[in-house]
Amino acid sequence: IKDCELLPFDAKAVGKVMEQRARHAEDAERLSMHMRSLDDLLMQADYWARQRGADRVCTDDVIEARRQRSRRQDRVQGKVVDAIQRDSLLIDTSGECVGQVNGLSVLDLGEYRFGHPVRITATTRVGTGRFVDIEREAKLGGAIHSKGVMILSSALAARYARDLPLSLRASIVFEQSYGGVDGDSASVAELCALLSSLSGAPILQNVAVTGSINQLGRVQAVGGVNEKIEGFFAVCKERGLDGSHAVILPRDNVKNLMLDEEIVEAVENKLFHVFAITHIDEAITLLTGVTAGERDVDDEYPADTINRLVEDQLIRYASKRKGYSEEANDDTAEK
């Protein structure tokens, strides 16, 4: 401030600058010391204070500096939101659907990055336990994304019908994705889409989810949570917030939350919600409104829970597969 002869910053403005440094660091417990971006923020806040004829910089000037910077760089983001609003990119923010979930993606343009929702769908049928990652088959999926799909397939096999062969064929895809897909931050969403397809329980489309998963069903932290939440919020806001819209994220990411003031206000007014979870059962319960269920003393899931419906379906698949195998063996013996 002294070197560039800027106006003095009042105490609240300094606090707001520190908030922006925490946001730049993607950590509510750390401050970024990237000096060029800090200098830019201070000089732009000074400009807006001078524009209104003030003798010192206040909080509103810091907020305006950040807002104007975003406005100069958000052309691509605006086109994505517009495509969703015009139904060129198909994203539902109301209703419910089986095997379909809103995931969250981040597009990094170097100086600017933003999040937006992506539709993830899954289908299941009788098979030999193969999981088809369509992104990988089309050579659009990166190594980390492929690893995430393999982990979620292991998690599914370990949790259900453990005494039977996994007798399904499943396919997962990012709909309307025409570029590369990488990272494992959609593995929670992908597994929830599979559980919905197997159980027949529809997923609420006014909720989006992000997070990676391990083989034990534990939800793990991911990157870009602020941009992801803000991207889904932007779409919901354009269509009208009604208090039902929400984002589900890993509890380990709570320390990374440094959200835009508008979203904080919407959450305080219960027009938008952010849920933090630690396990896949919490995610599927929030997404379907049906209890996931835990195994009882007899090692069985309670009736009419998501986990029971999934396990029953996998048992039916195993029985059908066994029946087909026996028919094939009988035909071979007759020949």
Side-chain angles (χ1 to χ4, degrees), residues 94-103 120-129 131 148-172 186-220 244 246-252 273-323:
S94 62
E96 54 187 22
C97 184
V98 174
Q100 176 178 296
V101 65
N102 287 324
I120 299 172
T121 60
T123 60
T124 54
R125 62 183 180 86
V126 178
T128 58
F131 286 74
V149 173
M150 287 187 279
I151 289 173
L152 74 87
S153 66
S154 296
L156 186 71
R159 284 169 55 82
Y160 305 103
R162 293 176 293 190
D163 298 329
L164 295 170
L166 191 61
S167 303
L168 85 159
R169 180 184 175 91
S171 62
I172 307 169
S187 55
V188 169
E190 291 168 329
L191 181 52
C192 286
L194 281 172
L195 296 179
S196 171
S197 178
L198 286 166
S199 66
I203 287 177
L204 299 173
Q205 300 299 295
N206 51 9
V207 183
V209 59
T210 185
S212 71
I213 193 169
N214 69 14
Q215 293 187 99
L216 304 178
R218 177 70 158 79
V219 176
Q220 303 166 141
S244 68
V247 167
I248 300 170
L249 78 160
R251 186 170 297 278
D252 294 336
H273 307 277
V274 178
F275 298 105
I277 62 170
T278 59
H279 196 272
I280 188 63
D281 285 347
E282 298 173 74
I284 197 63
T285 297
L286 287 168
L287 286 169
T288 63
V290 181
T291 302
E294 296 182 6
R295 292 189 184 275
D296 57 24
V297 293
D298 297 322
D299 200 32
E300 293 184 354
Y301 289 114
D304 298 323
T305 61
I306 293 291
N307 289 334
R308 178 63 175 271
L309 293 171
V310 170
E311 188 161 74
D312 287 348
Q313 181 68 289
L314 290 174
I315 291 172
R316 283 194 291 270
Y317 282 171
S319 297
K320 289 182 179 180
R321 180 184 171 188
K322 181 181 179 182

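Reckoned from all heavy atoms, side chains included, excluding hydrogens, waters and symmetry mates. On a predicted model such as this, the values are computed, not experimentally measured, just so you know.
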Q: Applying side chain to side chain contact (heavy atoms under 4.5 Å, CB included), run through V209 and V247 and close with a yes or a no.
A: CA-CA 6 Å; V209 59; V247 167; over 6 Å; no
Q: Kindly indicate, with the supporting measurements, whether the criterion side chain to side chain contact (heavy atoms under 4.5 Å, CB included) is fulfilled by T288 and I306.
A: CA-CA 9 Å; T288 63; I306 293 291; 3.9 Å; yes
**Q.** Step-by-step salt bridge (Lys or Arg N to Asp or Glu O under 4.0 Å) determination, E311 to R295
**A.** CA-CA 11 Å; E311 188 161 74; R295 292 189 184 275; 2.8 Å; yes
Q.
I'd like to know whether Y317 forms a side chain to side chain contact (heavy atoms under 4.5 Å, CB included) with L164, so could you lay out the CA-CA distance, the side-chain angles of the two residues, the decisive distance to 0.1 Å, and finally the verdict.
A. CA-CA 10 Å; Y317 282 171; L164 295 170; over 6 Å; no
Q: Go through the steps to decide whether R316 and D312 satisfy the test salt bridge (Lys or Arg N to Asp or Glu O under 4.0 Å), and finish with yes or no.
A: CA-CA 6 Å; R316 283 194 291 270; D312 287 348; 5.2 Å; no
(Q) Pair T285, T291 - check side-chain hydrogen bond (donor to acceptor under 3.5 Å, both in side chains), show working. (A) CA-CA 5 Å; T285 297; T291 302; 5.7 Å; no
Q: Evaluate the side chain to side chain contact (heavy atoms under 4.5 Å, CB included) criterion for residues L195 and Y160: first the C-alpha distance (whole Å), next the side-chain angles of each, then the deciding distance (0.1 Å), finally the verdict.
A: CA-CA 11 Å; L195 296 179; Y160 305 103; 3.7 Å; yes
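Formation of a donor-acceptor pair under 3.5 Å by the S196 side chain with backbone atoms of G99 is found in this model. Remark: side-chain polar atoms of N307 are not paired, donor with acceptor, to backbone N or O of Y301 under 3.5 angstrom. When atom types are taken as modelled, the side chain of S197 and the backbone of L194 share no donor-acceptor pair closer than 3.5 angstrom.
Expressed to the nearest 0.5 Å, how far CD1 of I277 lies from CD1 of I248 amounts to 6.0 Å. Atoms CG and CD, on L152 and Q215 in that order, are 10.5 Å from each other to the nearest 0.5 Å. Rounding to the nearest 0.5 Å gives a distance of 3.5 Å between CD1 of I280 and SG of C192. Once rounded to the nearest 0.5 Å, the distance linking OG1 of T305 with CD1 of I284 reads 11.5 Å. The line from CD of E294 to NE2 of H279 is 8.5 Å long, rounded to the nearest 0.5 Å.
Side-chain atoms of I151 and S187, non-hydrogen and from C-beta on, never get closer than 4.5 Å to each other. The side-chain heavy atoms of L156 and L198, taken from C-beta on, include a pair separated by under 4.5 Å. L166 is listed as a side-chain neighbour of L314, based on a closest heavy-atom distance under 4.5 Å. Within the 4.5 Å cutoff, the side chain of L287 has no heavy atoms near those of the L204 side chain. Counting heavy atoms from C-beta outward, V207 and L286 have side chains that stay 4.5 Å or more apart. Between I172 and I120, some side-chain heavy-atom pair lies under the 4.5 Å cut-off.
Taking the salt bridge (charged side-chain N to carboxylate O under 4.0 Å, His left out) definition, one finds that D296 meets it with nothing, sequence neighbours left out. E96 meets the salt bridge (charged side-chain N to carboxylate O under 4.0 Å, His left out) test with no other residue; sequence neighbours excluded.
Listed by first then second residue, pairs satisfying side-chain hydrogen bond (donor to acceptor under 3.5 Å, both in side chains) with a partner in residues 201-214 read Q100-Q205, N206-S244, T210-K228, S212-Q220, not counting sequence neighbours. Among residue pairs with one or both ends in residues 191-219, those qualifying as salt bridge (charged side-chain N to carboxylate O under 4.0 Å, His left out) are R218-D252; sequence neighbours excluded. Identified under the side-chain hydrogen bond (donor to acceptor under 3.5 Å, both in side chains) test for residues 163-172, with sequence neighbours left out: T123-S171, S167-R321. Evaluation of the salt bridge (charged side-chain N to carboxylate O under 4.0 Å, His left out) test over residues 278-291, restricted to residues two or more places apart or in two chains, returns R159-D281.
Residues A189 and V101 come closest through the heavy atom pair O-CG1, 3.4 Å.
The 12-atom threshold is not exceeded at CG of D304, counting heavy atoms of other residues, nucleotides or ligands nearer than 6.0 Å.
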